[in-house]
Amino acid sequence: MAAEARWCYRGDPQEEQCAPLVQFTNGKLKSSENMNFTLYRNKDTNNPKKKNKRMLNAETERLSYVGNNFSTGAMKSRTPCRYFVGVLDKNSGQMEVYNAELFNMQPLISDGVADDDLSEYLTKSYREKIDMCIEAFGTNKQRRALNSRRMNEVGKEVLNKAVTKAAEDIIETKGVAALVSDAAEGDKADVSLVLPPCHEDAGRPEDVYKLEDIIPPAEYEALQAPAAAFMNVTSEEILKMAEEKRYCSFVLDELKAMPLDEKKRDHKARCLSFLDCLVKLSSQRVVKKKLALGPDCPLIVSNQLVKNFTALSFGNGRLQNQVSASMKVKITAYAIALALHINNFQTDLTVLQRDLKMRDSRILDIAKAMRLKISKSKSLSGLDEHKLGTLSLPLPVYKMPSGGRKRKAN
């Protein structure tokens, strides 16, 4: 609603005058007794676009208000109608009507910032400006979060300084050469942590990566029930499994070539069942439920896989079994070792790589670390090239990666 007040008009008395009407954006005007209004006009009266521009200023003890009839906000707030003010003469009972113009009054906040302070404020980052707003206007919860974050930043800075100081002391006492040698030994140890136990002095390929090191005896016995589904599987059932995507491609390919001997067929079926569980575990980031590896996976096998192939992490307020990057490498290494036992110690790494959703170069690095010889072969369709990994004696010498790819010569 418009508020009436006493006006002081500064303009040319000869030109048509409009009485200003005002409304305040932050509330209604209760009393106009202690308010002083001043109306300004543009000096350029010859310019038809500028001569009608007006600015109204209102002063109170606490705030200053300003409104105009030419800004973008003023144009949006104006409605397509004209305003009039009627002045009633009580003695004669006659009313004189005058043109009026509506002004939307907004509070004018003076920040009182000095030039030096303003330049310092402009150099602050967006994060720092937000923190200043939280300090001035934030809720108690926001301020507590801000203080907590700042304390953490201070803690990190202190920790980084301590780590830097400790590193400098170690370099000074041991020397750079000794540290490089220790790092090389550490890399070898890290690789061995994710690979199955390797018996380099074995006389037969099947003894290099022993099956009992991959599938413990108790878990091997428990795999009899899920392996029964593979014992007498038909071509139609394999096609149905492929359509339903119940098993990975490696398992489906191997089911097409099951041995005739019942004992060997049972052994291969158990190995395929365990390998499928490894692939399913690799596809997950966090193991959230007991039957995460499928209803066909025995509980003892599921518990063993979660225990040996996941890492404990803290998230969402509780401990979680996470399949980290290093654990995925470990799963891949054990899957390769098991595939070697299934395929007479020569296996298709490309099929495994696609099942495990891993880069081709990554699975080749793991295979080389397992001392396999890499070769190439055409697929059954003949359309693409597959990488084969072969375990043969004597084992080739494993060379640690240099850490960077060599640039091809022009």
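Just so you know, residue 1 is the first one in the sequence shown, and it goes up from there.
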Smallest separation among heavy atoms of [X] and [Y], with atom names:
| X | Y | result |
| --- | --- | --- |
| L391 | L340 | CB-CD1, 4.1 Å |
| E59 | S64 | OE1-OG, 2.7 Å |
| L211 | C271 | CD1-SG, 4.3 Å |

Has [X] got more than 12 heavy atoms of other residues, nucleotides or ligands less than 6.0 Å from its [atom1]?
| X | atom1 | result |
| --- | --- | --- |
| R127 | CZ | yes |
| Q94 | CD | no |
| E128 | CD | yes |

| field | ring pair (Phe, Tyr, Trp, His ring centres under 6.0 Å) partners of Y334, counting only residues at least two apart | value |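 For Y334 the ring pair (Phe, Tyr, Trp, His ring centres under 6.0 Å) partners, ignoring immediate neighbours, are F309.
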| task | Go through the structure and list residues passing ring pair (Phe, Tyr, Trp, His ring centres under 6.0 Å) with Y247, not counting sequence neighbours. | result |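 Expected list: F230.
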| said: D213: which residues meet the side-chain hydrogen bond (donor to acceptor under 3.5 Å, both in side chains) condition with it, sequence neighbours left out? | reply: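 Per chain and number, D213 pairs via side-chain hydrogen bond (donor to acceptor under 3.5 Å, both in side chains) with H199.
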| Between R54 and F103, is NZ or CZ placed under 6.0 angstrom from the six-membered ring centre and within 45° of the ring axis? |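 Because its charged atom misses either the 6.0 Å distance or the 45° angle limit, R54 does not stack over F103.
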| query | Below 4.5 Å, heavy atoms only, C-beta onward: do L349 and Q353 meet side chain to side chain? | reply |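 SC-SC contact between L349 and Q353 ruled out.
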| request: Please tell me if the side chains of V251 and S273 come closer than 4.5 Å, counting only heavy atoms from C-beta onward. | output: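 SC-SC contact between V251 and S273 ruled out.
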| message | Could you check whether R143 pairs with E135 (Lys NZ or Arg NE/NH1/NH2 to Asp/Glu carboxylate O, under 4.0 Å)? | response |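 Looking at R143 and E135, the cut-off is not met.
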| request: Apply the test ring-ring contact (aromatic ring centres under 6.0 Å, His included) to residues Y65 and F24: give CA-CA distance (whole Å), side-chain angles for both, the deciding distance (0.1 Å), then the verdict. | output: CA-CA 8 Å; Y65 295 86; F24 294 87; 5.0 Å; yes
